[in-house]
Amino acid sequence: MEIGIVGKPNVGKSTFFSAATLAPAEIANYPFTTVEPNRGVAYIRAACPHVDIGKPCNPNNALCENGVRLVPVDMLDVAGLVPKAHEGRGLGNQFLDDLRQASALIHIVDASGGTDFEGNVCPPGSHNPVDDVNFLEDELAHWISGIIQRGWEKVARKAELEEVPIEKALHEKLTGLGFTEPQIHLAIRDSYMDVKPTKWTKEDTLRLGRNMQLRGKPMVIAANKWDVAPKENIDALKALEGRIVVPTSAEFELALRKAAKAGIIDYIPGAPEFTVKEGSKLSAGQTKALDKIAELMKRGGSTGVQQCVEETVRKLLNLIVVYPVEDETHWTDKKGNVLPDAYLIPRGSTAKDMAFKVHTDLGKNFIRAINARTKMVVGHDYEVKDNDVLKIIARA
Ligand SMILES: Nc1nc2c(ncn2[C@@H]2O[C@H](COP(=O)(O)OP(=O)(O)OP(=O)(O)O)[C@@H](O)[C@H]2O)c(=O)[nH]1
Ligand SMILES: [Mg+2]
């Protein structure tokens, strides 16, 4: 699972990335600070079933703190995108190829309105952040349609001649872009494409590109720089139809995570508050900065960064967390590790889908599963629930 961070230059993409992952990234108040992508691991929180069985867990691919399982998601921070990047402006849009494997995107918007389209600092409030949403979606549509258009005539002619379903031909053409055939099928339907792909015009493929982005690279908007953003800008972004918008202060979240790492404060990412550790010696500047952060958290419930990551996984992608085990009595793997693995799978997945997620062979040879909580046997079509613990039985 990978989430890509996108947006115009200088809006706080790397700050958000660094706050969410604690991976180092260069941050500066000018455009195009980031050229090469930054990669890191963020986490989403889930109630760990180890609490239900009353034994500490031994997580393999995740951490667990005080009964909260932290399930990893990969995160990628890329260079800034400017209007007409598809025509080569700024750094162009070739670098978006790094986002091929991303299942979802977080669009960082400077909600303070203090950066223009190119990412240059401008008087706060002089730029309308709502305009950034439209331009970025348009650039992403151009990116996808540009890839479709490259050598399309040949592909379309061949598909028509050999009567290959067009979603299949497109899927092949876009191999590696991370789109599934069903997503492509739905995007074609949403775009009212001509049944004859040789008749598709540039405008048609642009419409298709937009719908493919909606289906295959859906997006959450982070209304960033919340700490300095006028309320009307946040409200205007929140009022955008059909989009999930989360106000964030990446700068504050990064400060908190760094202070927690340095042992100055106690802070769990996503929590509504933090406490200064006893014996921490704070400078006047630090106290002032922490007071400002506390004030925003009181007003908004948190800095928003962790919420934004979790809304992307939970609400936008509608993923749930499940735990496969080998032993349904002790909730362990073969070696006796308690609840070693946590997997993210789409809500609505079946026990067999989950088996495939763990291992292709386990999916292919699936016989049945056992719900470790109820000890009930469930079949291949059992719909897996969030927080389920399942033993999968397969032919050897
Ligand atoms: N006030 C405030 N400033 C922020 C916030 N997030 C980032 N910044 C500042 O915005 C500037 C740009 O931050 P970066 O993280 O480098 O932005 P970027 O989008 O990665 O920029 P490029 O890599 O150049 O595209 C820096 O001065 C940050 O300190 C925030 O939440 N609030
Ligand atoms: Mg950057």
Side-chain angles (χ1 to χ4, degrees), residues 3-40 42 75-83 85 89-96 98-99 105-125 127 129 132-133 135-136 139 219 221-231 233-234 237 245-259 269 285 288-297 299-309:
I3 299 176
I5 307 286
V6 293
K8 73 179 185 187
N10 211 12
V11 289
K13 296 182 297 300
S14 298
T15 311
F16 186 105
F17 163 84
S18 197
T21 62
L22 271 187
E26 202 182 335
I27 294 165
N29 195 14
Y30 49 79
F32 303 118
T33 305
T34 306
V35 177
E36 291 303 319
N38 295 303
R39 289 175 189 278
M75 197 167 257
L76 190 70
D77 163 43
V78 297
L81 205 61
V82 299
R89 292 201 55 235
L91 297 179
N93 65 2
Q94 285 303 310
F95 62 85
L96 289 180
D98 293 324
L99 296 172
L105 306 174
I106 294 178
H107 177 193
I108 311 284
V109 171
D110 176 356
S112 77
T115 34
D116 67 15
F117 270 130
E118 320 291 321
N120 299 306
V121 177
C122 63
H127 182 83
D132 293 347
V133 175
F135 115 74
L136 192 102
E139 284 304 325
M219 207 152 43
I221 296 170
N224 195 38
K225 307 198 186 181
W226 185 20
D227 50 301
V228 287
K231 187 174 174 303
N233 280 6
I234 298 284
L237 286 165
V245 178
V246 185
T248 59
S249 174
E251 187 151 287
F252 282 5
E253 179 69 14
L254 184 58
L256 288 181
R257 294 208 192 184
K258 280 186 171 168
K288 202 172 152 206
L290 285 176
D291 283 350
K292 252 173 74 182
I293 297 176
E295 193 271 323
L296 177 94
M297 292 171 90
R299 187 156 47 90
S302 77
T303 70
V305 171
Q306 185 63 26
Q307 274 67 18
C308 188
V309 175

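For ligands, and for the atoms within them, numbers begin at 1 and follow the listed sequence.
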Interatomic distance, [X] atom [atom1] to [Y] atom [atom2] [nearest 0.5 angstrom]:
X	Y	atom1	atom2	answer
T115	D132	OG1	CG	6.5 Å
C308	I5	SG	CD1	7.5 Å
I3	T21	CD1	OG1	11.5 Å

message: Using a cut-off of 2.8 Å, how many protein N, O or S atoms sit around the Mg ion (ligand 2)?
response: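 For the Mg ion (ligand 2), protein nitrogen, oxygen or sulfur atoms under 2.8 Å: 2.
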
- request: Check salt bridge (charged side-chain N to carboxylate O under 4.0 Å, His left out) between E118 and all other residues, then give those that pass, not counting sequence neighbours.
  value: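 With neighbours one apart ignored, the set is R89.
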
query: Between K8 and L136, is there a donor-acceptor pair closer than 3.5 Å when you use the side chain of the first and the backbone of the second?
result: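 Side chain of K8 to backbone of L136: no pair is present.
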
task: Return yes if some donor-acceptor pair links the side-chain N/O of N10 with the main-chain N/O of N120 below 3.5 Å, else return no.
output: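 Not at all, since once roles are kept as given, no pair shorter than 3.5 Å links the two residues.
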
Could you pull out all donor-acceptor pairs under 3.5 Å where a side-chain atom in residues 247-255 meets a protein atom, sequence neighbours excluded?
residue	atom	partner	partner atom	Å
T248	OG1	N224	OD1	3.0
S249	OG	D227	OD1	2.9
S249	OG	F252	N	3.2
E253	OE1	Y267	OH	2.7
E253	OE1	T303	OG1	2.5
E253	OE2	R257	NE	2.6
E253	OE2	R257	NH2	3.0
E253	OE2	Y267	OH	3.2

- request: Give the minimum heavy-atom separation between L99 and G4, together with the two atoms involved.
  value: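 Reported closest heavy-atom pair: CD2-CA, 3.7 Å.
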
field: Salt-bridge criterion met for D77 and K13 (N-O under 4.0 Å)
entry: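 Salt bridge between D77 and K13, a charged N being under 4.0 Å from a carboxylate O: no.
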
field: Under 4.0 Å from ligand 1, counting heavy atoms only: the protein residues, by chain and number
entry: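 Residues P9, N10, V11, G12, K13, S14, T15, I27, A28, N29, Y30, P31, F32, T33, T34, G80, N224, K225, D227, V228, S249, A250, E251 each place a heavy atom under 4.0 Å from ligand 1, listed by chain and number.
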
